[in-house]
Amino acid sequence: MRVDIISIFPEYFAPLDVSLLGKARQRGLLDIRVHQLREWTHDVHRTVDDTPYGGGPGMVMKPEPWGEAIDAVVVGAEIPPRLVVPTPSGRPFTQQVAIEYAKEPWLLFAPARYEGIDSRVMAEYGSRLRVDEVGIGDYVLAGGEAAVLVIVEAVARLLPGVLGNAESVADDSFAPGSMAGLLEGPVFTKPPVWRGHEVPPILLSGNHGAIARWRRDEALRRTAANRPELAARLDREALDKRDREVLQDASFRFRPEDMAN
Ligand code: 6GU
């Protein structure tokens, strides 16, 4: 997969040289190119922002540098990239979106600082390529760069050959199928006792059926406690009697009509 990133802080993307993504790049699975937006300015101050029309606080990123930068990156391409514009007002970035992006041959990221990019940039490219405005959560960052790191990491680990263990992807909390819609439960390794804390004995029992059941109980408890809205959306048909008992025990309340069967 090819990834282009246009930013006024190219150095922000140093983490992409490290660990899993660094290795994927070395192995040629990921071709990441970071560009300095200011290269496409023409004034001595290399200005990328200006005051907002209509007034208000902060500054807005000027359209001209973005237009020239995106044109330069995309020029000559037969199949254009998908343009991803991180913004807290975008559609939520989820595992489903990560899976979608992992199928794309080319992503182009346009992270903004200040109050965002002049909206005409998204209008202009909306008619030429697929443009997604995406946010990564309900909080406000100082700029889109950290969001790009998040999105690239979530997408890259899904690419064939990037993860060593193929099961790691299938077991993800938010992967479809796995323990569908459940958060993953706690994990343990050696030693069997650490600072007086024991590993749950069931995990040492060798009883694979009982271990699977215990893990599912823990996943249900954790989901009910930490993400009640996910628990509420669990597919009723996929829950057995024990599942419902565990959820009730976690004082998670189904609607009465769900408790009939
Ligand atoms: Cl994509 N950008 C900024 N600046 N803040 C955010 C965000 C993005 N997603 C959540 N908060």
Identify the two heavy atoms, one from [X] and one from [Y], that lie closest to each other, and give their separation to 0.1 Å.
X: Ala156; Y: Leu21; result: CB-CD2, 3.4 Å
X: Leu234; Y: Ala180; result: CD2-O, 3.8 Å
X: Leu247; Y: Ala224; result: CD2-CB, 3.9 Å
X: Leu83; Y: Ala110; result: CD1-CB, 4.1 Å
X: Ala232; Y: Phe252; result: N-CZ, 3.5 Å
X: Leu129; Y: Pro80; result: CD2-CB, 3.9 Å

pair [X]-[Y]: side-chain heavy atoms closer than 4.5 Å:
X: Val85; Y: Met122; answer: yes
X: Asp4; Y: Leu107; answer: no
X: Val74; Y: Pro81; answer: yes
X: Pro88; Y: Leu141; answer: no
X: Leu220; Y: Thr223; answer: no
X: Ile99; Y: Val155; answer: no
X: Trp106; Y: Val73; answer: yes
X: Pro92; Y: Val134; answer: no

Are there over 12 heavy-atom neighbours, none belonging to Tyr139, within less than 6.0 Å of that residue's OH?
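Result for OH/Tyr139: enclosed.
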Is the number of heavy atoms from other residues, nucleotides or ligands under 6.0 Å of Asp138 CG greater than 12?
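No, CG of Asp138 has 12 or fewer neighbouring heavy atoms, counting only those of other groups under 6.0 Å.
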Go through the steps to decide whether Arg33 and Val3 satisfy the test side chain to side chain contact (heavy atoms under 4.5 Å, CB included), and finish with yes or no.
CA-CA 6 Å; Arg33 308 179 192 182; Val3 173; over 6 Å; no
Looking at [Y] and [X], is any side-chain nitrogen of the basic one under 4.0 Å from a carboxylate oxygen of the acidic one?
X: Asp118; Y: Arg120; answer: yes
X: Asp49; Y: Arg113; answer: no
X: Glu104; Y: Arg2; answer: no
X: Arg25; Y: Asp31; answer: no
X: Arg215; Y: Glu218; answer: no
X: Glu229; Y: Arg227; answer: yes
X: Asp217; Y: Arg222; answer: no
X: Lys241; Y: Asp243; answer: no

When you check the side-chain N and O atoms of Tyr114 and Asp50, is any donor under 3.5 Å from an acceptor?
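Side chains of Tyr114 and Asp50: no pair found under 3.5 Å.
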Residues Thr87 and Glu133: side-chain donor-acceptor under 3.5 angstrom:
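Absent: no donor and acceptor within the cut-off.
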Atom pair [atom1] ([X]) and [atom2] ([Y]), whose distance is rounded to the nearest 0.5 Å:
X: Phe13; Y: Phe109; atom1: CZ; atom2: CZ; result: 9.0 Å
X: Ser7; Y: Tyr12; atom1: OG; atom2: OH; result: 9.5 Å
X: Arg130; Y: Leu108; atom1: CZ; atom2: CG; result: 14.0 Å
X: Met1; Y: Lys103; atom1: CE; atom2: NZ; result: 11.0 Å
X: Leu159; Y: Tyr101; atom1: CG; atom2: OH; result: 14.0 Å
X: Arg213; Y: Asn207; atom1: CZ; atom2: CG; result: 13.0 Å

Going through the checks in order, is the salt bridge (charged side-chain N to carboxylate O under 4.0 Å, His left out) test met by Arg244 and Asp249?
CA-CA 8 Å; Arg244 290 195 293 267; Asp249 214 53; over 6 Å; no
Result block: side-chain N/O donor-acceptor pairs under 3.5 angstrom for residues 56-68, not counting sequence neighbours:
unit_1: Glu68; atom_1: OE1; unit_2: His42; atom_2: NE2; d: 3.0
unit_1: Glu68; atom_1: OE2; unit_2: His42; atom_2: NE2; d: 3.0

As a quick check of understanding, evaluate side chain to side chain contact (heavy atoms under 4.5 Å, CB included) for His197 and Val193, giving each step before the final call.
CA-CA 5 Å; His197 302 269; Val193 183; over 6 Å; no
Assess whether side chain to side chain contact (heavy atoms under 4.5 Å, CB included) is satisfied between Leu149 and Leu16, documenting all intermediate values.
CA-CA 8 Å; Leu149 290 177; Leu16 298 176; 3.7 Å; yes
Please tell me whether [X] and [Y] are part of a single hydrophobic cluster in this structure, the criterion being side-chain heavy atoms less than 4.5 Å apart.
X: Leu30; Y: Val169; value: yes
X: Met179; Y: Ile202; value: no
X: Leu183; Y: Ile211; value: no
X: Val84; Y: Val97; value: yes
X: Trp40; Y: Ile5; value: no

Please answer whether the main-chain N or O of Asp43 pairs with a side-chain N or O of Thr41 as donor and acceptor at a distance below 3.5 Å.
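No, because the side chain of Thr41 does not come within donor-acceptor range (under 3.5 Å) of the backbone of Asp43.
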Show your reasoning for whether side chain to side chain contact (heavy atoms under 4.5 Å, CB included) applies to Gln36 and Ile8.
CA-CA 5 Å; Gln36 169 56 269; Ile8 57 170; 4.0 Å; yes
Test of understanding: with salt bridge (charged side-chain N to carboxylate O under 4.0 Å, His left out), list the residues that count as partners of Lys190, not counting sequence neighbours.
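Result, salt bridge (charged side-chain N to carboxylate O under 4.0 Å, His left out) vs Lys190: none returned.
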